[in-house]
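See below for the structure under consideration.
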Amino acid sequence: YGGKAAQYSILARTPDVPVRPAFAIPVYYYDQFMRSNGLYDRMTALQAEERFRTDPAYRAARLAEFHDAILAGQVDMGFQTLLREKIRAALPTGEVRVRTSTNSEDLEGFPCAGCYESHTGDPADWPSVLDAIRETYASAWSFRTYEERTYYGVEHRSVGMALLAHYNFPDEEANGVAVTNNPFDTA
């Protein structure tokens, strides 16, 4: 489920801590999407290219094409059915914000806070929900995030993206990462 969704579940179960309704979409569906659309194989082929590994401009262009391939990917109908039911039950009115919850962000030795993007969809316009999911998945493969993972030595194929879905906050002025310990305490 990734760190964000797991931590949200802890907040939701903590007495006297007010939290808005939300639910998590496990990594399983990201993996299913990537496999069924041949995206893992496509990325493996790209990474095997010498020019992809050594030429940043070429890599950026190929990653932009890969991003477009993710946006054009088909979302499994079984998953769509389950997702519609879950949204109706948990978030019955308003737009849904889809946030990343990966196994490769906000980690010791790989901060990457803000590496990935969140997107919003309106269940009354179902394709916009699917677009929000695809756009969020695609953010794992932007040039910036790819370079960041490369710099820190994170294996790209090890990224698993779960999602945290909650009501959209249209008047949100800012968002960020909460730190729950003293970053200056080395013990």
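These numbers come from a predicted model, not from an experiment. These values consider heavy atoms only, across backbone and side chains, with no hydrogens, waters or symmetry-generated copies.
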- With sequence neighbours left out, what residues match Gln74 under side chain to side chain donor-acceptor pair (under 3.5 Å)? none

- Item | Joint hydrophobic cluster, Leu63 plus Tyr30, side-chain heavy atoms closer than 4.5 Å | yes

- All side chain to side chain donor-acceptor pair (under 3.5 Å) counterparts of Tyr58, not counting sequence neighbours: Glu49

Side-chain donor-acceptor distances from residues 39-48 under 3.5 Å, at least two apart:
unit_1 : atom_1 : unit_2 : atom_2 : d
Tyr40  : OH     : Asp31  : OD1    : 2.9
Thr44  : OG1    : Tyr40  : O      : 3.0
Thr44  : OG1    : Arg157 : NH1    : 2.9
Gln47  : NE2    : Tyr146 : OH     : 3.0

- Query: Which pairs count as side chain to side chain donor-acceptor pair (under 3.5 Å) when at least one residue sits in residues 76-93, sequence neighbours excluded?
  - Reply: Gln80-Trp126

- Task: Please identify each residue that fulfils side chain to side chain contact (heavy atoms under 4.5 Å, CB included) with Thr100, with sequence neighbours left out.
- Result: Lys4, Thr102, Glu105, Tyr116, Thr136, Ser139, Met161

- Query: Are side-chain heavy atoms of Leu71 and Tyr137 found at a separation under 4.5 Å?
  - Reply: no

- Task: State, yes or no, whether a side-chain contact exists between Ile87 and Val96 at a heavy-atom distance under 4.5 Å.
- Result: yes

- Between Arg97 and Ser118: side-chain donor-acceptor atoms closer than 3.5 Å: no

- Note on the structure: So salt bridge (charged side-chain N to carboxylate O under 4.0 Å, His left out) across residues 56-73, not counting sequence neighbours, yields Arg59-Glu147, Arg62-Glu65

Determine all donor-acceptor pairs shorter than 3.5 Å in which one atom belongs to a side chain in residues 13-28; sequence neighbours excluded.
unit_1 : atom_1 : unit_2 : atom_2 : d
Arg13  : NE     : Ser9   : O      : 3.0
Arg13  : NH2    : Ser9   : OG     : 3.3
Thr14  : OG1    : Ile10  : O      : 2.6

- What are the two closest non-hydrogen atoms of Thr54 and Pro56, and how far apart are they? O-CD, 3.4 Å

- Can you list every pair that meets salt bridge (charged side-chain N to carboxylate O under 4.0 Å, His left out) and has a residue in residues 128-143, with sequence neighbours left out? Asp131-Arg134

- Query: Do you know the tightest heavy-atom contact between Gly2 and Ala162?
  - Reply: N-CB, 4.3 Å

- Query: Sequence neighbours excluded, which residues qualify as ring-ring contact (aromatic ring centres under 6.0 Å, His included) partners of Tyr29?
  - Reply: Phe79

- Task: For Tyr167 and Pro92, work out which heavy atoms get closest and say how close.
- Result: OH-CD, 3.1 Å

- Name all residues meeting the salt bridge (Lys or Arg N to Asp or Glu O under 4.0 Å) criterion together with Arg51; count only those two or more places apart in sequence or in a different chain, and write none if there are none. Asp55

- Quick one: salt bridge (Lys or Arg N to Asp or Glu O under 4.0 Å) partners of Glu155, sequence neighbours excluded? none

- Task: Could you tell me the separation between the OG1 atom of Thr145 and the CD atom of Glu117, rounded to the nearest 0.5 Å?
- Result: 8.5 Å

- Message: Running the 4.5 Å side-chain criterion over Ile, Leu, Val, Met, Phe, Trp and Tyr, what cluster does Tyr1 land in, apart from itself?
- Response: none

- Item | Nearest heavy atoms of Glu148 and Cys115, plus distance in Å | CG-SG, 4.0 Å

- Item | Side chain Ser101, main chain Leu164, donor-acceptor under 3.5 Å | no

- Heavy-atom donor-acceptor pair, Arg99 side chain to Leu163 backbone, under 3.5 Å: no

- Any side-chain heavy atom of Ile133 within less than 4.5 Å of one from Leu83? yes

- Note on the structure: Shortest non-hydrogen pair, Ala140 vs Val159, comes out as CB-CG1, 4.5 Å

